[in-house]
Protein chains: 2
Amino acid sequence: MDALTEVQQQLYDWLIDYIRQNQHSPSIRQMMRAMGLRSPAPIQSRLEHLRNKGYIDWTEGKARTIRILKPMGIPILGAIAAGSVVEAFTDSVEQLDFSSSLLRPGDYALRVRGDSMIDALIDNGDVVIMRPVQDPQALKNGTIVAARVNGDGTTLKYYHRKGNQVTLKPANRNYKPIETPAMEVEVQGVLVGMWRGYNPVAS
Amino acid sequence: MDALTEVQQQLYDWLIDYIRQNQHSPSIRQMMRAMGLRSPAPIQSRLEHLRNKGYIDWTEGKARTIRILKPMGIPILGAIAAGSVVEAFTDSVEQLDFSSSLLRPGDYALRVRGDSMIDALIDNGDVVIMRPVQDPQALKNGTIVAARVNGDGTTLKYYHRKGNQVTLKPANRNYKPIETPAMEVEVQGVLVGMWRGYNPVAS
DNA sequence: GACTTTATGGTACAAATGTTCTGTGAGAAG
DNA sequence: CTTCTCACAGAACATTTGTACCATAAAGTC
């Protein structure tokens with residue numbers, strides 16, 4: 001990714017902020033005013049530079065169609081020590097992207113009920129993000145899947161297959177694995193992510 | 001939230017899909033063509049209905065400025081049993097929202113290093129989403145915070161305060177709590193969420 | 001100095017676009 | 001039946017808006 005000049009960076013930062021707040025891109029004359037300019041031409045020029053450098057894109061001739069190509073999300077500022085006190089904030093620019101790369105169309109979420117996956121650090125109340133499987137044959141052993149056995153109900157388990165025998169293992173010693181023919185198992189999705197929300201105002 | 005007529009629902013669904021894919025709202029004539037109409041007036045009418053019912057909003061007179069008011073995200077299809085096989089998919093319409101309500105401007109993420117929060121089900125490599133604290137005095141005991149002690153480094157710990165004494169407790173018996181005067185503790189954020197990504201193609 | 005890139009101001013134009021108005025018709029509610 | 005709401009077509013208009021062109025100037029590069 002090419003570097004930006006100062007004014008290009010200013011416009012780019014403002015653009016991202018505007019789109020985040022308003023859910024749509026501004027018009028060129030809006031950017032003109034925001035940058036303190038009195039002509040649309042400089043904005044046009046900066047936008048073309050931003051496009052040439054791969055930061056943005058838009059549909060030519062159409063109003064307010066600028067797209068941010070770099071993933072949007074919240075910045076991962078650095079690493080935090082959960083062991084001993086070691087690391088401080090850095091100026092890392094890694095981004096946690098919720099919009100495009102992590103989630104795909106078709107993904108869905110499930111709220112976890114129960115504690116059978118507790119050893120996999122998935123708790124009751126957590127939200128798991130699942131992705132439908134196109135090719136059940138390509139499923140790797142050890143992946144966590146949402147599977148329905150015998151039309152009964154959907155459970156979250158480790159998936160293990162040996163020949164035509166499938167074992168669904170919970171991550172909790174108090175529960176027993178389910179062993180059944182592959183025919184009986186309908187894999188509804190593989191685990192791609194997990195979200196746990198905290199309420200900061202709790203006592 | 002008021003109910004929608006069939007054509008209104010169609011337009012609304014198409015709108016959400018379009019905005020999700022293109023990062024900007026379509027024009028009225030685009031919607032017209034997508035709905036198979038030959039006049040912009042019906043779209044105008046449907047949009048006003050959607051606005052009156054609280055689903056969308058836009059800036060009058062400006063092109064492509066429609067905003068979706070209902071949170072966007074991926075649908076939470078239901079609950080999944082992690083204990084025993086109990087629940088099936090439902091037609092729940094709850095949404096896991098990554099764009100507006102869960103995350104706020106100013107939020108940032110940190111990648112967790114170490115295992116001191118393992119008993120809180122936060123693992124090495126997880127990404128925690130933190131929110132800056134406006135009023136450190138209002139911090140409740142028991143919340144998980146990113147705190148810097150004595151200018152040393154930032155750690156993720158449970159926050160407990162008693163008078164002017166602050167205790168930062170790890171969620172791992174192998175580590176000891178840090179006890180220090182409140183003066184020495186700089187709380188950089190409270191935990192509002194946690195994300196763990198899985199790679200479905202792993203063996 | 002000559003040349004290129006970038007930044008800026010000003011103006012102009014065609015296309016895109018939101019909006020309004022008129023008229024017609026279907027269906028539900030009273 | 002009357003009334004109301006909603007849906008659709010067609011046309012027209014004013015504004016917004018992307019784009020192009022011309023000219024000036026500052027800064028860096030050769």
Side-chain angles (χ1 to χ4, degrees), chain A residues 1-70, chain B residues 1-70:
Chain A
M1 189 82 65
D2 277 326
L4 298 178
T5 70
E6 192 176 345
V7 285
Q8 287 168 4
Q9 185 73 49
Q10 277 177 22
L11 176 60
Y12 182 65
D13 291 341
W14 187 85
L15 243 183
I16 288 187
D17 207 57
Y18 184 97
I19 293 180
R20 231 213 282 167
Q21 288 187 20
N22 300 87
Q23 295 187 33
H24 61 251
S25 113
S27 71
I28 287 186
R29 280 163 183 83
Q30 273 180 296
M31 300 184 235
M32 180 188 84
R33 285 190 292 271
M35 295 292 115
L37 303 177
R38 297 154 32 128
S39 164
I43 298 295
Q44 187 77 21
S45 162
R46 296 181 197 179
L47 290 178
E48 278 163 8
H49 288 136
L50 285 173
R51 181 172 61 178
N52 290 338
K53 293 178 179 174
Y55 285 82
I56 64 172
D57 196 14
W58 68 87
T59 308
E60 297 208 353
K62 301 301 171 64
R64 301 170 180 272
T65 53
I66 295 177
R67 293 181 297 278
I68 304 290
L69 295 185
K70 279 178 62 176
Chain B
M1 190 82 62
D2 278 327
L4 298 179
T5 69
E6 192 175 344
V7 285
Q8 287 168 4
Q9 186 74 47
Q10 276 177 20
L11 176 60
Y12 182 65
D13 291 341
W14 186 86
L15 243 184
I16 288 187
D17 208 57
Y18 184 96
I19 293 181
R20 238 219 268 188
Q21 287 187 19
N22 300 86
Q23 295 187 31
H24 57 77
S25 116
S27 72
I28 288 187
R29 279 164 183 84
Q30 273 180 296
M31 301 185 235
M32 180 187 84
R33 286 190 292 272
M35 296 291 115
L37 303 178
R38 293 145 46 113
S39 163
I43 298 295
Q44 187 80 18
S45 162
R46 295 182 199 180
L47 289 178
E48 278 162 9
H49 287 136
L50 285 174
R51 182 172 60 177
N52 290 338
K53 292 176 180 175
Y55 285 81
I56 63 173
D57 194 14
W58 69 88
T59 308
E60 297 207 352
K62 300 302 168 66
R64 301 170 181 271
T65 54
I66 294 177
R67 292 181 297 279
I68 304 291
L69 295 184
K70 278 178 62 175

Quick one: is B/Gln44 getting a side-chain N or O under 4.0 Å of the C/dC21 phosphate, OP1 or OP2?
-> no

Answer yes or no: is there a donor N or O on one side and an acceptor on the other, between the side chain of A/Arg64 and the main chain of B/Ala63, under 3.5 Å?
-> yes

Just compare C/dG9, D/dA9, D/dT19 and give me whichever is closest to any side-chain atom of B/Pro42.
-> D/dA9

Please state whether the base of C/dG18 and the side chain of B/Arg29 form at least one donor-acceptor pair under 3.5 Å?
-> yes

Hey, which sits more toward the 5' end of DNA chain D by its nearest nucleotide, A/Thr65 or B/Ser45?
-> B/Ser45

Any A/Arg64 side-chain N or O less than 4.0 Å from OP1/OP2 of D/dT17 = yes

Looking only at side-chain N and O atoms, does A/Trp58 come under 4.0 Å of OP1 or OP2 in D/dT19?
-> yes

Roughly, in whole Å, what's the span from CZ in B/Arg51 to C1' in C/dT19?
-> 12 Å

State whether a side-chain donor-acceptor pair under 3.5 Å links A/Asp13 with A/Gln9.
-> yes

Under 3.5 Å: donor-acceptor pair, side chain of B/Thr59, backbone of B/Lys62 = no

Short side-chain N/O contact from A/Ser27 to OP1 or OP2 of D/dT17, under 4.0 Å | yes

First encountered from the 5' end of DNA chain C, between B/Ser25 and B/Ala41 | B/Ser25

Please report, rounded to the nearest Å, how far the C1' atom of C/dG9 is from the CE atom of A/Met32.
-> 10 Å

Per atom distances to the B/His49 side chain, the nearest of D/dA7, C/dT19, C/dG9 is D/dA7

